Amino acid sequence: MLFSAVQPSGLLTIANYLGVLCHWKKMQDSYQCIYCIADLHAMTAKKNIYKKKNKNGSTKTILDTLALYLACGVDPNKSIVFLQSQVLEHTQLNWILNCYTNLGDLFRMTQFKVKSKNENASINSGLLTYPILMASDILLYDVNKVLVGEDQKQHIELTKKIARRVNRIYKKEIFTIPSLIITKSGSRIKSLLDPTKKMSKSDSNRNSSIFMLDNIDLIKKKFAKAVTDSENPANISFNKKKKPGISNLLEILSAFKKIPIVELEKFFLNKTYLDLKLMIFQTVKKKLVPIQEKYFLYRRDEVYLRDILFKGAIKATKKAKETIERLFNLFN
Ligand code: TYM
């Protein structure tokens, strides 16, 4: 069984696509997949989906996210697709796991350090305990694989640590210890404007990220503005330290085209940065246009989308309840 999830905080980017979404369709052939829309995690953001004044705000971003899942090939008849907040056991297990997690481990999480620095004075404690809710998402379903991008690796390692601790204390295999799937290419996509930072859907500068639903002309403009370097003549080679902008563009192209970076380097010998950007744009356009078309078809049918979440929550709840029961049997 495999678990993967995305927060419905704003529109998804090509980093989410390359990191996880583009693999979801194929994973369904090898695993029973559980694809979650992590709306409770999205509540930790300052501009969180449930704080919006517009009453339909939360539903909108959730249904947008679901329609994108489907457009990327997720089949709700093969996989369990559900909304985190509709399966109450996630918050129930979250509390229990709180009591088996060391505070020091939470403070050591890189994502917490970065986010708490950005938010200065008013940090909500959900930002700190965020990885415990992730652990609950995963451990509820006895999954043996978790698919994430590189930025979530540390959180999954903590999940394993918590699971092992509980198993050790009770001398029983209560939780399945999951292993991590991080794909070789596409799992660490950087911002187009500051390639030392990750590409993120919550970046305040919209030109840093390509959103899955960006208009095609806008995508062309964003790639045109992407940071490169001033080497003369142009040198299209992979070197993360010395050439972070070009390396990121090569990584994006390699992940979309499924061609190793060394081959791209050979192809772009004596070519210009403009040539590189044009090829990336054409490649991304070819991939995103059909996804966008499917997205708009699915997005129109809200009844169908809500029905998927309704049925998904029933299936997920059944599995989640078994785990909670197993756990409470130990305590009683
Ligand atoms: P989110 O929405 O931030 O990211 C969703 C997935 O996209 C990956 N990702 C990236 N991959 C490559 N390059 C990037 N720049 C990039 N940015 C994001 C993330 O690694 C993630 O896999 N907390 C999770 C959602 C979640 C979850 C879980 C994941 C909630 N519960 C349980 C796994 C297991 C998150 O980061 O969402």
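Note that ligands are numbered from 1 as they come in the structure, with each ligand's atoms numbered from 1 the same way. Heavy atoms only: backbone and side chains are in, while hydrogens, waters and symmetry mates are out. In this text, all values refer to a predicted model and were calculated from it rather than measured experimentally.
The cluster map of Ile, Leu, Val, Met, Phe, Trp and Tyr, joined by side-chain heavy atoms under 4.5 Å apart, puts Y141 and L88 in different clusters.
Taking the six-membered ring where the residue is Trp, F256 and Y17 present parallel rings, their angle staying beneath 30° rather than reaching 60°.
With sequence neighbours left out, K197 forms a salt bridge (Lys or Arg N to Asp or Glu O under 4.0 Å) with D203. Listed by chain and number, the residues in a ring pair (Phe, Tyr, Trp, His ring centres under 6.0 Å) with F268 amount to none (sequence neighbours excluded).
Within 4.0 Å of ligand 1, heavy atoms belong to protein residues F3, A5, V6, Q7, A15, N16, G19, V20, A38, H41, Y130, M134, D137, I138, V146, V148, G149, D151, Q152, G186, S187, R188, I189, K198, M199, K201.
A salt bridge does not link D151 with R188: every distance from a Lys NZ or Arg NE/NH1/NH2 to an Asp or Glu carboxylate oxygen is 4.0 Å or more.
Counting only residues at least two apart or in different chains, salt bridge (Lys or Arg N to Asp or Glu O under 4.0 Å) contacts with residues 204-222 comprise D214-K222.
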